[in-house]
Structure formats: structure tokens, C-alpha cells
Amino acid sequence: MKSFKGNLVVILFILSYVTWSSALYRPHRAEPAKPKKLQYLLEPPVQVEVAGRRGDNVTLPCIVRIKPDHYKIKWTKLEPENMGQQNVIMLSNANAFKPYGPVGPRASLQRAHIMDASLQLSHLELGDDGRYRCELINGIEDENIVITLRIEGVVFPYQSKHGRYKLNFHEAKQACAEQDGMLATYKQLYRAWTEGLDWCNAGWIYDGTVHYPIVHPRPVCGGKLPAGIRSYGPKDKSHDRFDAFCFTSQISGSVFYISGSFSYDQAVDACKRRGSELALVGQLYAAWRFQKYDQCNGGWLRDGSVRLPIVHPRKHCGGVPEAGVRSFGFPSKTTHIYGAYCYR
């Protein structure tokens with residue numbers, strides 16, 4: 001009995017020592033690095049995001065607060081894809097600038113005053129969306145600011161004429177380009193979801209991952225999972241097949257409807273007689289989004305699909321309570337029922 005009590009005392013002593021030792025030991029946790037205070041560049045007080053639509057001209061602000069004796073300004077595009085040197089837009093000094101890469105020819109410095117290093121981009125394109133870095137380089141204390149350029153647009157799901165889940169990544173990318181768009185980035189898909197995009201079919205996006213946005217959870221769309229963007233993660237770009245989420249922005253022309261009961265070929269001719277051509281899916285979505293185009297009649301589009309754009313939902317226009325572009329799929333091109341959506 002004494003031996004047991006003695007062992008118990010030893011055990012309790014050891015436990016108390018371990019507990020006391022643990023209380024003394026605190027692993028060092030590095031404090032998060034504080035943002036470096038800018039010495040030469042002016043920290044953007046308000047405008048860290050600039051918004052524009054395709055075809056617009058925008059200015060990304062960057063102001064030199066104190067000029068070092070010798071320096072250069074370097075503008076670089078950081079997103080949506082890091083491509084190294086191809087992302088450099090321009091290098092400049094006090095006297096001249098040199099453009100680089102695919103964006104460079106549309107870029108210039110604003111130079112509203114001698115301290116102004118703001119970047120001007122003309123004729124915005126869909127791929128200009130992303131983050132841009134203005135970097136002051138003087139060889140000793142380089143520093144930079146980052147500005148986000150957001151292209152205002154609309155995300156639309158796209159399916160092959162051969163049916164659901166028929167597109168690998170490369171085919172999805174091409175399909176979006178053929179419909180006046182590009183594969184949406186995750187940020188663009190997320191914004192579309194916050195604006196009400198609810199789609200039960202999974203589709204490729206720009207980075208090669210696959211997702212689908214759900215606003216109203218239901219059994220056929222992932223069961224009882226909460227609302228959100230459901231993700232399949234990265235997939236094999238050559239072998240896996242899904243639909244696509246495309247992104248487009250405003251158009252320079254206009255979409256109009258020709259009433260009739262046309263076959264596909266007759267719809268093509270009807271547009272040609274008006275000095276136009278059948279509209280692309282992206283053009284119809286852009287007209288619906290930016291020009292508030294509302295038409296309660298199904299019409300042919302250039303890809304062979306039949307759709308109608310609804311801004312003000314009503315019972316006899318599809319019967320769906322939300323605004324949107326309704327699709328009748330890809331009917332036989334010999335069907336003589338629908339009108340034509342033309343673009344010029």
C-alpha cells in the first residue's frame with residue numbers, strides 16, 4: 001500500500017512538472033509583417049479598384065509623392081494569369097516610356113503633372129480584367145502599389161450543341177471565344193452568383209477548374225448543401241468534359257429582332273437583307289444586360305440555338321419569375337417557328 005502511495009506521489013509530481021514546463025514553453029510566433037510604409041509613392045486613399053466596360057478608356061492611378069534622384073516606373077499586369085515577362089506593360093523614366101507585351105500598344109502614361117505616373121489603357125478588352133502593379137524602381141528601395149481593374153460584364157453558361165458535358169477545357173475556351181466572350185474567372189463567376197446566377201450544370205472557368213453556382217439549393221443540384229459556388233476543383237483539361245461559364249461585356253453595335261417563322265437558313269438571310277448577321281450568344285447577353293433589351297419571342301442565333309432575352313418577367317414570356325436570357329436549346333435547323341436575332 002505504501003509502495004502504491006509512493007508511486008502515486010511520484011506520478012503526480014511528474015505530471016505537475018510536465019504541466020508547469022508546458023506552461024513555461026511558448027513557441028515563438030512571428031508577428032504578421034506590417035505593410036511597408038511607402039516613402040516615394042502615394043498610397044491610394046480611395047481608388048484601389050477601377051471599373052470599365054469593353055471599349056472604354058480608363059486610368060489606373062499612381063502618384064509619385066517624393067522623387068528619388070534616379071528612378072523608373074514599371075507597370076505590370078498580375079492577373080488573371082501570371083505569364084512572367086509577358087505581363088510587363090511598360091517601363092518609363094522622366095523622359096520616355098517603352099511599351100511591352102500584348103497590352104503595351106494600348107497603354108500610355110497620363111502625366112497630368114510631373115508627379116503623375118498613372119497608367120492609361122484605351123479600348124479595354126475582356127482580358128484586361130485583373131490586378132495591376134505600379135512599381136517605382138531606384139535600385140535601393142523599390143516599392144509598389146496594386147490597383148484592380150474590373151471589367152463590367154455578364155457571365156453566361158454555355159453548352160455544346162451536342163448536349164450537356166461535351167466540352168474539354170480547350171473546347172470550352174474556344175466556344176466562349178466564338179460567342180464573343182472568354183472563359184470567366186473565379187472572381188467574375190463569384191460576382192455573378194452574388195447577383196443571382198443559379199445554374200445546376202458544372203462548367204469550366206479560366207483557370208482550368210470546374211464549378212457551378214447555386215442560389216436556391218435543391219435535391220437535383222447537390223442535395224442539401226448550402227447555397228454557394230460548388231467546386232469540382234482542377235480537372236484534366238484534355239480528357240474531362242463539362243459545360244462552360246463564359247464572360248462578355250458591352251458591345252459596340254446593337255441587337256434587334258426580326259419577327260417571322262424562319263428556318264435557320266431563312267433567319268440568316270433575313271439578317272443579311274437588313275445589313276446585319278445573326279447575333280452571337282454573348283452579344284445577346286450583352287444587349288440584355290447593358291442595353292436592357294427585352295423581347296418576348298424566341299429567335300435564332302448564329303450557333304443554331306434559339307433564345308429570348310427577358311428584362312421584365314411576365315407569365316407569357318417563359319413563365320420564370322427572374323429576368324434572364326431563356327434558351328430553347330438547339331432545335332432542328334429546318335424548324336419554321338422562330339424569328340431571328342440580328343447584330344449590326
For C134 against I73, the heavy-atom pair lying closest together: SG-CG2, 4.1 Å
Could you list the donor-acceptor pairs under 3.5 angstrom formed between side-chain atoms of residues 337-344 and any protein atom two or more places apart in sequence or on another chain?
| unit_1 | atom_1 | unit_2 | atom_2 | d |
| --- | --- | --- | --- | --- |
| Y341 | OH | N297 | O | 2.5 |
| Y343 | OH | G253 | N | 2.9 |
| R344 | NH1 | R274 | O | 2.7 |

According to the side-chain hydrogen bond (donor to acceptor under 3.5 Å, both in side chains) rule, which pairs have a member within residues 282-291, sequence neighbours left out? E195-R289
Where at least one partner belongs to residues 304-319, residue pairs that pass side-chain hydrogen bond (donor to acceptor under 3.5 Å, both in side chains), sequence neighbours excluded: D294-R314, D303-S305, S305-R307
Do NZ/NE/NH1/NH2 and the carboxylate oxygens of K74 and D142 come within less than 4.0 Å? no
Look at the side chain of R150 and the backbone N and O of R53, then say whether any donor-acceptor pair between them is shorter than 3.5 Å. no
Which value, rounded to the nearest 0.5 Å, describes the distance between T148 atom OG1 and Y132 atom OH? 10.0 Å
Could you give me the CA-CA distance, side-chain angles and deciding distance for F245 and Y158, then say whether side chain to side chain contact (heavy atoms under 4.5 Å, CB included) is met? CA-CA 6 Å; F245 286 105; Y158 191 77; over 6 Å; no
Can you spot which of I251, L284, V281 makes a side-chain contact (heavy atoms from CB on, under 4.5 Å) with D180? I251
In Å, rounded to the nearest 0.5 Å, how long is the span from CD1 of I89 to CG of N87? 8.0 Å
Shortest non-hydrogen contact from P331 to G329? CD-O, 3.3 Å
Please walk me through it: do L301 and L280 pass side chain to side chain contact (heavy atoms under 4.5 Å, CB included)? CA-CA 6 Å; L301 296 176; L280 301 173; over 6 Å; no
Is R54 paired with E152 through a side-chain N to carboxylate O contact shorter than 4.0 Å? no
With Y165, which of F242, Y212, Y232 fulfils ring-ring contact (aromatic ring centres under 6.0 Å, His included)? F242
Please check: side-chain N/O of T185 versus main-chain N/O of Y206, any donor-acceptor pairing under 3.5 Å? no
Are F156 and L197 side-chain neighbours, meaning at least one heavy-atom pair lies under 4.5 Å? no
Check against side chain to side chain contact (heavy atoms under 4.5 Å, CB included), L41 and I63: CA-CA 6 Å; L41 294 177; I63 305 298; over 6 Å; no
Quick one: does any side-chain atom of Q295 pair with a main-chain N or O of L308 as donor and acceptor, under 3.5 Å? no
Is the backbone N or O of T76 less than 3.5 Å from a side-chain atom of E135, with the two atoms forming a donor-acceptor pair by type? no
When every non-hydrogen atom of K237 is compared with those of N168, the smallest separation belongs to O-CB, 3.3 Å
Are side-chain heavy atoms of F97 and S108 found at a separation under 4.5 Å? yes
In this structure, is the centre-to-centre distance between the rings of Y264 and W300 below 6.0 Å? yes
Could you go through W204 and K173, starting from their C-alpha distance and side-chain angles, then the distance that decides it, and tell me whether this counts as side chain to side chain contact (heavy atoms under 4.5 Å, CB included)? CA-CA 8 Å; W204 294 101; K173 187 176 180 180; over 6 Å; no
Salt bridge or not for R218 and D198, using N-O below 4.0 Å? yes
Does a side-chain heavy-atom distance below 4.5 Å link K272 with L278? no
Does the K67 side chain pair with the main chain of I114, one donor and one acceptor, at a distance under 3.5 Å? yes
Over all heavy atoms of both residues, which pair between K187 and E79 is shortest? Give the atoms and the distance, please. NZ-OE1, 3.3 Å
With a 4.5 Å cut-off on side-chain heavy atoms, are R106 and E125 touching? yes
Are there more than 12 heavy atoms of other residues, nucleotides or ligands under 6.0 Å from atom OH of Y190? no
Counting only heavy atoms not in H170, do more than 12 fall under 6.0 Å of its NE2? yes
Might you confirm whether atom NE2 of H336 has over 12 heavy atoms from other residues, nucleotides or ligands at distances under 6.0 Å? yes
Do the side chains of E277 and R302 get close enough for a salt bridge, i.e. N-O under 4.0 angstrom? yes
Heavy atoms, side chains only, cut-off 4.5 Å: are L149 and L60 in contact? yes
Within-4.5 Å side-chain heavy-atom neighbours: Q120 and Q110: yes
Please examine the side chains of P61 and S118, heavy atoms only from C-beta on, and report whether any two atoms are closer than 4.5 Å. yes
For the student: nearest non-hydrogen atoms of I214 and C221, plus distance: CD1-CB, 3.8 Å
Atom OH in Y71, atom CG in N138: separation rounded to 0.5 Å? 10.5 Å
Within a 6.0 Å radius of atom CH2 on W193, are there more than 12 heavy atoms belonging to other residues, nucleotides or ligands? yes
How many angstroms lie between CD in E171 and OG in S238, if you round to the nearest 0.5 Å? 9.5 Å
Enclosure of H239 NE2 (heavy-atom neighbours >12, cutoff 6.0 Å): no
Tell me whether V154 shares a hydrophobic cluster with V215, the cluster being built from Ile, Leu, Val, Met, Phe, Trp, Tyr side chains joined at under 4.5 Å. no
Calculate, to the nearest 0.5 Å, the distance between atoms CG and OH belonging to N144 and Y40 respectively. 14.5 Å
Short side-chain to backbone donor-acceptor contact, S160 and L167, under 3.5 Å: no
Under a single-linkage definition using a 4.5 Å side-chain heavy-atom cutoff for Ile, Leu, Val, Met, Phe, Trp and Tyr, are F290 and V311 assigned to the same hydrophobic cluster? no
For I205 and A184, the nearest pair of non-hydrogen atoms, with its separation, is CB-O, 3.1 Å
With distance as the sole test, does D128 use its side chain to make a donor-acceptor pair with the main-chain N or O of L124 at under 3.5 Å? no
Student check: side-chain heavy atoms of V268 and Q266 closer than 4.5 Å: no
When rounded to the nearest 0.5 angstrom, what distance separates NZ in K333 from CG in D265? 7.5 Å
Under a 3.5 Å distance rule, please check whether Q250 uses its side chain to pair with a backbone N or O of G153 as donor and acceptor. no
Looking only at atom types and distance, does a side-chain atom of N93 sit under 3.5 Å from a main-chain N or O of K72, one as donor and one as acceptor? no
